[in-house]
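Following: one structure in structure tokens, then a few remarks.
It should be emphasised that the depicted structure is a prediction, and the values quoted were computed from it without experimental measurement. Each ligand, and each atom within it, is numbered from 1 in the order the structure gives.
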Amino acid sequence: MERLKIAVLISGRGSNLQALIDACAQPDFPAAIALVLSNRPDAFGLARARQAGLPTRVIDHKAFADRIAFDAELDTAITGSGARLVCLAGFMRLLTASFVERWRDRMINIHPSLLPAFPGLHTHERAIAAGCRFSGCTVHFVRSEMDAGPIIVQAAVPTHPDDDAERLAARILQAEHRIYPMAVRLIAEGRVHVELVDGAERAVVSGAAAPRATLFNPDA
Ligand code: GAR
């Protein structure tokens with residue numbers, strides 16, 4: 001089996017990276033991590049990568065004059081690793097439109113809300129403040145607007161009446177760790193295609209288990 005090489009981009013804790021490391025350790029998983037890249041030298045996820053024996057690279061955004069120069073260095077590192085898919089996993093830098101375009105439909109992101117609700121920061125506070133009965137998480141193809149793009153997999157996670165942002169975040173994070181490997185698997189199996197449906201882009205998943213393969217509903 002030829003595995004799809006992926007680059008995982010992080011800025012911090014790296015628990016979603018860990019979920020991908022664990023998935024890639026399974027003999028039947030159709031992807032392999034070619035590079036873990038961080039824009040922060042102190043990101044804990046780098047230690048996770050080293051522990052797993054994976055190649056790491058730090059590209060500190062502070063060392064670059066502008067986003068174009070930073071993104072050019074990212075691109076060189078990712079391309080040099082042989083990765084064919086970029087996975088943003090808590091990577092907290094906005095990417096330039098030309099970088100996003102270059103990796104169009106080959107770059108995915110995980111976000112801790114049921115997009116298109118609550119893009120950006122403080123998702124859990126906002127979901128609680130809005131009285132949402134469900135929140136969740138989304139893996140989607142990246143477009144230049146923040147936390148936007150064709151949705152690949154989602155998990156719905158119930159809110160509890162006594163939730164605070166921390167408790168809800170922890171429950172959603174468990175679902176994140178399930179759906180990120182699901183999405184990578186679907187892409188690696190060649191089952192995800194972006195199509196224009198009624199003038200809007202949509203990620204369509206083919207195969208016997210679709211559409212069940214694209215949602216995950218913890219009943220916690
Ligand atoms: C995750 O909850 C991820 O969904 C979120 O950052 C966290 C990173 O955690 N990403 C975003 O908010 C992107 N807009 P991790 O470093 O433990 O994977």
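In terms of polar-atom proximity, defined here as any N/O pair under 3.5 Å, Asn109 makes no such contact with ligand 1.
Contact annotation: the side chain of Asp71 approaches that of Leu74 to within less than 4.5 Å [non-hydrogen atoms, C-beta and beyond]. Leu173 is listed as a side-chain neighbour of Asn16, based on a closest heavy-atom distance under 4.5 Å.
Judged by the shortest distance from any of its heavy atoms, Ile10 lies outside the 4.0 Å radius around the atoms of ligand 1.
Protein heavy atom closest to atom 10 (N) of ligand 1, with residue, atom name and distance, is Ile110 O, 3.5 Å. If you check which protein heavy atom lies closest to atom 16 (O) of ligand 1, you get Gly14 N, 2.8 Å. The protein heavy atom nearest to atom 9 (O) of ligand 1 is Arg13 NH2, 3.0 Å. Closest to atom 5 (C) of ligand 1, if we only count protein heavy atoms, is Pro112 CD, 3.8 Å. Among protein heavy atoms, the minimum distance from atom 6 (O) of ligand 1 is reached at Gly90 CA, 3.8 Å. When only non-hydrogen protein atoms are considered, atom 15 (P) of ligand 1 lies nearest to Ser15 N, 3.4 Å. The single protein non-hydrogen atom nearest to atom 3 (C) of ligand 1 is Glu176 OE1, 3.3 Å, given as residue, atom name and distance.
Panel note: side chain Arg57, backbone Ile78; no donor-acceptor pair is recorded below 3.5 Å.
Salt-bridge formation is not detected for the pair Asp22/Arg48: no Lys NZ or Arg NE/NH1/NH2 atom is positioned less than 4.0 Å from an Asp or Glu carboxylate oxygen. A salt bridge links Asp105 and Arg143; the closest N-O separation between the charged side-chain nitrogens and carboxylate oxygens is under 4.0 Å.
By the 30° and 60° cut-offs, the orientation of the rings of Phe64 relative to Phe70 is perpendicular.
Atoms CG and CG, from Leu95 and Asn109 in turn, are 9.0 Å apart once rounded to the nearest 0.5 Å.
Contacts between Met92 and ligand 1 below 4.0 angstrom, taking non-hydrogen atoms only, involve the side chain exclusively. Contact annotation for Asp147 and ligand 1: only side-chain heavy atoms (C-beta onward) come within less than 4.0 Å of the ligand.
Phe216 and Ile110 fall within the same hydrophobic cluster, where Ile, Leu, Val, Met, Phe, Trp and Tyr residues are linked whenever their side-chain heavy atoms come under 4.5 Å apart, directly or through other members.
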